[in-house]
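One structure is given below, encoded as structure tokens.
In this chain, residues are counted from 1 in sequence order. Every value quoted in this text rests on a predicted model; they were computed, and no experiment measured them.
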Amino acid sequence: MTETLVLYTNPMSRGRIARWMIEEVGVPYRAEILPFGPPMKAANYRGLNPMGKVPLVRHGEVIVTECAAICSYLADAFPDAGLAPPTTVRGSYYRWLFFAAGPLEAAVSNRSLGFEVPADKQGMIGYGSYEDVMDTLEIAVSANPYVAGKAFSAADVYVGSHIGWGLRFGGIEKRPAFVDYLARVSERPAFKRANALDDAAMAQVAG
């Protein structure tokens, strides 16, 4: 299988998460910028992702969508980058990666849309309540320097992206633990490279 990576993305989307992850991996890749609207919903792209959304990563014959899956896949596909803990100690890594993909994203999205789960219906919803999710997230980013322990991992790319986005747009409470954690992960050179590339791409799309 060829090692060539292709990232289908838009700089105003969750594609920023995938770009950051690829920059952490540190392998050559090509970015295909897809405008929102018809190009993203075209038949040729829906052949790759029936949802008609970005990001999508193509690695040889492998197609991966969904940001948590992309982060996890790339960490495994390129183990030399050291972005996944050994399989014997991946409990926290998987736990917080998929906590962010499930309860955190759902709770923040619902809050942003003005939807609050009634107290008597919280047992029906996977995340329970927004407050429970925020308290749990604080535990996740406070117990250790990074969510999977002392070392940065792919889970931090995903969790850190959610926290950054949430703090910027108000979907996540501005707790000191979240601000401190974001400051740690956003100092990484790969994060800065990815942001610079996406900001430049955004200027081109806007122009």
Side-chain angles (χ1 to χ4, degrees), residues 7-24 31 33-36 40 49 51 53-57 64-72 74-75 83 93 95-116 126-127 129-142 145-148 152-203 205-206:
L7 168 65
Y8 295 83
T9 186
N10 184 293
M12 299 177 67
S13 75
R14 290 174 177 83
R16 283 182 172 257
I17 303 173
R19 168 96 77 173
W20 178 11
M21 183 63 197
I22 295 174
E23 289 292 331
E24 290 285 355
I33 307 299
L34 292 183
F36 292 112
M40 208 175 285
N49 183 3
M51 289 288 288
K53 290 180 174 288
V54 292
L56 177 150
V57 165
V64 189
T65 65
E66 316 313 317
C67 287
I70 289 170
C71 289
S72 182
L74 290 174
L83 293 168
Y93 171 77
R95 178 186 184 185
W96 299 121
L97 181 63
F98 293 104
F99 171 81
L104 178 60
E105 179 156 1
V108 170
S109 296
N110 282 344
R111 169 62 66 94
S112 299
L113 293 171
F115 175 73
E116 297 289 340
Y127 66 82
S129 72
Y130 175 85
E131 291 74 20
D132 285 345
V133 170
M134 291 297 104
D135 290 344
T136 303
L137 181 62
E138 185 168 8
I139 291 169
V141 300
S142 301
Y146 300 104
V147 295
F152 180 90
S153 73
D156 293 293
V157 173
Y158 193 66
V159 174
S161 295
H162 273 280
I163 290 178
W165 188 267
L167 290 177
R168 181 177 180 183
F169 293 102
I172 288 178
E173 297 172 350
K174 197 172 184 179
R175 299 187 184 185
F178 301 155
V179 174
D180 291 346
Y181 172 76
L182 181 61
R184 288 196 295 278
V185 299
S186 62
E187 280 300 309
R188 294 188 63 82
F191 174 85
K192 294 179 180 180
R193 288 196 305 272
N195 260 3
L197 289 166
D198 275 325
D199 288 347
M202 190 158 58
V205 170

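Aromatic ring orientation, His162 versus Tyr158: perpendicular (interplanar angle above 60°, classes split at 30° and 60°). Ring planes of Phe152 and Tyr146: perpendicular class, angle over 60° (limits at 30 and 60°).
Atom CD in Glu187 sits 10.0 Å away from atom CG in Leu182 (nearest 0.5 Å). To the nearest 0.5 angstrom, Arg19 atom CZ is 10.0 Å from Asn195 atom CG. Of the inter-residue distances, the one linking Asp199 atom CG with Arg16 atom CZ reads 4.5 Å to the nearest 0.5 angstrom. Annotation: the span from Met21 atom CE to Leu74 atom CG amounts to 5.5 Å, rounded to 0.5 Å.
Taking 4.5 Å as the limit, some side-chain heavy atom of Val133 sits within range of a side-chain heavy atom of Phe99. Residues Glu23 and Leu197 have side chains in contact (heavy-atom distance under 4.5 Å, counting atoms from C-beta outward). Contact annotation: the side chain of Thr65 never approaches that of Ile70 to less than 4.5 Å [non-hydrogen atoms, C-beta and beyond]. In this structure, Asn49 and Met40 have side chains that are not in contact, with every pair of non-hydrogen atoms separated by 4.5 Å or more. At a threshold of 4.5 Å between non-hydrogen side-chain atoms, the residues Val57 and Ile22 count as touching. With a 4.5 Å cut-off on side-chain heavy atoms, Tyr181 and Leu137 do not count as touching. Using a 4.5 Å cut-off on side-chain heavy atoms (C-beta onward), Val179 and Leu167 make contact. The side-chain heavy atoms of Pro55 and Ile17, taken from C-beta on, include no pair separated by under 4.5 Å.
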Pair Leu104-Ile172, side chain to side chain contact (heavy atoms under 4.5 Å, CB included): steps then yes or no:
CA-CA 9 Å; Leu104 178 60; Ile172 288 178; 4.3 Å; yes
Could you go through the side chain to side chain contact (heavy atoms under 4.5 Å, CB included) check for Thr9 and Ile33 one step at a time?
CA-CA 5 Å; Thr9 186; Ile33 307 299; 3.6 Å; yes
Going through the checks in order, is the side chain to side chain contact (heavy atoms under 4.5 Å, CB included) test met by Leu34 and Lys53?
CA-CA 9 Å; Leu34 292 183; Lys53 290 180 174 288; over 6 Å; no
Determine, step by step, whether Asn10 and Phe36 satisfy the side chain to side chain contact (heavy atoms under 4.5 Å, CB included) criterion, reporting the C-alpha distance in whole Å, the side-chain angles of both residues, the deciding distance to 0.1 Å, and the verdict.
CA-CA 8 Å; Asn10 184 293; Phe36 292 112; 3.3 Å; yes
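In this structure, Leu97 and Ala155 approach most closely via the heavy-atom pair CD1-CA, 3.9 Å. Pairing each heavy atom of Ala68 with each of Phe98, the nearest pair is CB-CE2, 4.3 Å. Pairing each heavy atom of Met134 with each of Phe178, the nearest pair is O-CZ, 3.5 Å. Smallest separation of non-hydrogen atoms from Gly160 and Trp20: C-CZ3, 4.4 Å. Looking at every heavy atom in both residues, Tyr130 comes nearest to Ala107 through CD1-O, 3.9 Å. Ser186 and Ala183 make their closest contact through OG-O, 3.4 Å (heavy atoms, listed as atom of the first residue, atom of the second, distance).
Between Tyr127 and Asn110, the side chains place a donor N or O and an acceptor N or O closer than 3.5 Å (distance only, hydrogens not considered).
With hydrogens and angles disregarded, a donor-acceptor distance shorter than 3.5 Å links the side chain of Ser161 to the backbone of Val157. A donor-acceptor pair under 3.5 Å is formed between the side chain of Asp156 and the backbone N or O of Ser153.
Enclosure of atom CZ in Arg95 is not indicated, since only 12 or fewer non-hydrogen atoms of other residues, nucleotides or ligands lie within 6.0 angstrom.
Salt-bridge annotation for Arg175 and Asp135: present, with a side-chain N of the basic residue lying under 4.0 Å from a carboxylate O of the acidic one. Using a 4.0 Å cut-off between charged nitrogen and carboxylate oxygen, Arg14 and Glu66 do not count as a salt-bridge pair.
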